4 protein chains.
Amino acid sequence: MPNAELVRKRREQILRGASKVIAERGYQETNISDIAKELGIGHGTFYRYFDNKRHIAEQVLSYAVDQVTQLIVDIDPDAADTLSDYANQLNEIGSRLFDFFNNNRELAQVFFFEAYGVDRDLTIKLQEVIELFGTYVERYLQNGCQKGYLRQDLDIEITARAINGMIFAGVLRTFQKGNGEKERDRWIKSISTLMLSGMAS
Amino acid sequence: MPNAELVRKRREQILRGASKVIAERGYQETNISDIAKELGIGHGTFYRYFDNKRHIAEQVLSYAVDQVTQLIVDIDPDAADTLSDYANQLNEIGSRLFDFFNNNRELAQVFFFEAYGVDRDLTIKLQEVIELFGTYVERYLQNGCQKGYLRQDLDIEITARAINGMIFAGVLRTFQKGNGEKERDRWIKSISTLMLSGMAS
Amino acid sequence: MPNAELVRKRREQILRGASKVIAERGYQETNISDIAKELGIGHGTFYRYFDNKRHIAEQVLSYAVDQVTQLIVDIDPDAADTLSDYANQLNEIGSRLFDFFNNNRELAQVFFFEAYGVDRDLTIKLQEVIELFGTYVERYLQNGCQKGYLRQDLDIEITARAINGMIFAGVLRTFQKGNGEKERDRWIKSISTLMLSGMAS
Amino acid sequence: MPNAELVRKRREQILRGASKVIAERGYQETNISDIAKELGIGHGTFYRYFDNKRHIAEQVLSYAVDQVTQLIVDIDPDAADTLSDYANQLNEIGSRLFDFFNNNRELAQVFFFEAYGVDRDLTIKLQEVIELFGTYVERYLQNGCQKGYLRQDLDIEITARAINGMIFAGVLRTFQKGNGEKERDRWIKSISTLMLSGMAS
DNA sequence: TATGAATGAGCTTTCATTCAT
DNA sequence: CATGAATGAAAGCTCATTCAT
């Protein structure tokens, strides 16, 4: 009944269709009419819900970013009191990220690749999300140092981004190889090992 | 006098101009006439040396990729006999990568961002280079396990890519922040620490 | 209302405009924008109805060819039983051809001149139509030989093409001189005379 | 020694090369550099001998036209005194034309097809040559009527062009089919038969 | 005189966007 | 509110022609 609700629904439908097509063809190669065809709507209709082509790319990325962000907001960086608590947190966060991108392959494609092909601003936006994750990791490390279970001489700022780099490398790689859980667990284990005890024998 | 030499020189000139413009404006936003203007040549001249717009993007990336690859080919993965040897190798590789991208900012911009905006094939090419680095790191780890200074239960394949992820995350970040050596050294130290001893106190 | 009908109409409109402009300026000298200007439409509109410049040339020629072919399909090559029947048929066919090209001067221009300037394939297509006419004439001659009113030693295949040559020479010439009926009748009479009794006194 | 002689030679060399390439590829598809490549000269050199691309097409056609014209100038239209003399003349003219175009296939290709693709003026020039042939044939007919061996009621002007049409149709067809002498003789015989006695039994 | 590197006018074509229906 | 026909800016690319060497 509420008109706004219908509009929201339509917008989301189009968003989903656009995600699919952009993920399949790439942003530059995607025409508005491709999206319209995918959805079975007239391509003029598209413009009733989005300002222009750029706009929908932004919205698709925003949607992906929101979803990804949601994955970690409910985990309290300060909750871990011991190294083992922390290891469990790591497991949890890793699993969520890996699973999300494997279950939302279209968003993953956009997140990891297509967004760069749109323009500078969107690329920056993407970098900011990754940086946001960096600050999250930073808080976890801070907590660990304060509680004493992480070494005191840690360069928290940098180490956080390094860990971030491992995680996204893993997520990207499992997404690309697409062989799911087994690969995921190897990544989580390897990253955890590196983080907690390093490679030295 | 040798015609081929002249051609080589001109091609490189154009390549350099194109790198600059593409790095500044982005691939999609770059017109052939932008490149021509930058170089002060007619845009027809461009087509005497490159087949089309796509071609030059590929050449720019190839050039970057070649340079990056050159950075590590002369380091022998089997040379390190102790953990400390290995740590030194890490320092060396890291320094080279960090320095290269900081001293060739245009290539860095293309390598990290613009190549994704061209098309799928070029994106794949880029992934392959990063994967090439992964296989290199793998060989280092293999050597370490064989020589016994790295833990025997290491998941070499995955760990190598995780380390790769850290390195490229660091390289990218220092490139973006542009505050040079100090940041570089913090990254190298942090990654080394993580790799060698982990974060646990 | 029926969309397909609208499309057919528009296509024909553009075809007519294109015929006119091509006949006036020549194929090579005709730009898509000339056609668009002639029709008072945006040149993008052209591409909604035809694939490219080549395509419309082909369509214009096809149209001409179809029309020309229609001129003779309803005349039965076997209908003539005497030399005088045959003379009447000749009159009829000649009149139709002469009149058609004089009343459709744009198509004539394309048929006789412009099609050669497009490319090899279209030239071949044109040759095929003329050859089709040759086979038609051949059937008339065959009938005449069988019925006995034409000489038995006729080289039917060649003679048919020779007659064809006279006819098209005449049609072309009256089209170019544009002085209509009188000229037309002289041609028909002269060709008939040649065919039926030759020039000897 | 005389410089002008060298220039003339070079010009002719280029003309020959151009004829070949234009006949092979078609005028529009022929680039100046194609011609230069064929001759093994720099394409700048071309412009020292011909004003522009158009110019050489014109020269190629002129050359063809001159050659063709030469074929008949030495036959005196007034020489025939009887029908049988005339028949012999016909044989001679026909043979020369057929042979010329079969032995100069490149010129034939240009003459029959490529010249139309250049521009209006050249097309007109071509028409004029054919018309020139028409006037020649006209003189032969005139002579025949005066001498009394051709029928007095002949529409000389038109009949001449009709015969012309047959001849060129035949020449074109044998050129295209390329099966030489046998076909040629059938054409000459058929045309002669038609002209002298018609088809009636 | 011969060359071919350089040029840019000018073309075809695409497709995001508008707007009348 | 939905549509898709119409549009034209804007881009890539070709190649005849020029001219410095």
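Reminder, nothing fancy here: chain letters follow the sequence lines and each chain counts from 1. None of the values given here were measured: they were computed from a predicted structure.
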Hey, does the Lys NZ or Arg CZ of A:Lys53 hover above the aromatic six-ring of A:Tyr27, less than 6.0 Å from the centre and inside 45° of the axis? yes
Write down the partner of E:dA6 under the Watson-Crick or G-U wobble criteria, each distance required to be under 3.5 Å. F:dT17
Looking across every strand, which nucleic acid part, if any, lies under 4.0 Å from A:Arg10 by heavy atom: base, sugar-phosphate, or nothing? sugar-phosphate
Between F:dC1, F:dT7, F:dT3, which one does the side chain of A:Tyr49 approach most closely? F:dC1
Find the distance A:Leu39:CG to F:dT3:C1' and express it as a whole number of Å. 15 Å
Taking the nucleotide of DNA chain E with the closest heavy atom to each, which residue, C:Asp51 or B:Phe46, is nearer the 5' end? B:Phe46
If you measure from CZ on D:Phe111 to CG on D:Asn104, what distance do you get to the nearest 0.5 Å? 12.0 Å
C:Tyr47 OH - F:dA9 C1' separation (whole Å): 15 Å
The first and last nucleotides of DNA chain E lying within contact of chain B, meaning any atom under 4.0 Å from one of its heavy atoms, run from E:dG4 to E:dA9
Is a salt bridge present between C:Arg105 and C:Glu24, judged by a nitrogen-to-oxygen distance below 4.0 Å? no
Is the shortest side-chain N to carboxylate O distance from C:Glu12 to C:Lys9 below 4.0 Å? no
Using atom CD1 of D:Ile35 as one end and atom C1' of F:dC15 as the other, report the distance to the nearest whole Å. 13 Å
When you match C:Asn31 and A:Asn31 each to their closest nucleotide on DNA chain E, which lands nearer the 5' end? C:Asn31
Without decimals, in angstroms, what is the distance between D:Gln28 CD and F:dC15 P? 11 Å
What is the distance from atom CZ of A:Arg10 to atom CZ of A:Phe46, rounded to the nearest 0.5 Å? 12.5 Å
Whichever of A:His43 and B:Asn52 has the more 5' nearest nucleotide on DNA chain F, that residue is A:His43
Separation between CD1 (C:Ile22) and CG (C:Leu61), nearest 0.5 Å, reads 10.0 Å
How close or far is atom P of F:dC13 from atom CD1 of B:Ile56, stated in whole angstroms? 12 Å
Is any side-chain heavy atom of D:Lys125 closer than 4.5 Å to one of D:Val65? no
Please state how far atom CZ in D:Phe50 lies from atom C1' in F:dA16, giving the value in whole angstrom units. 16 Å
Between B:Gly44 and C:Gly42, which has a closest nucleotide on DNA chain F that is more 5'? C:Gly42
Rounded off to whole Å, could you give me the CG-to-P distance for the B:Asp34 and F:dA11 pair? 8 Å
Roughly how many Å is it from CG in C:Leu6 to P in F:dG4, rounded to a whole number? 13 Å
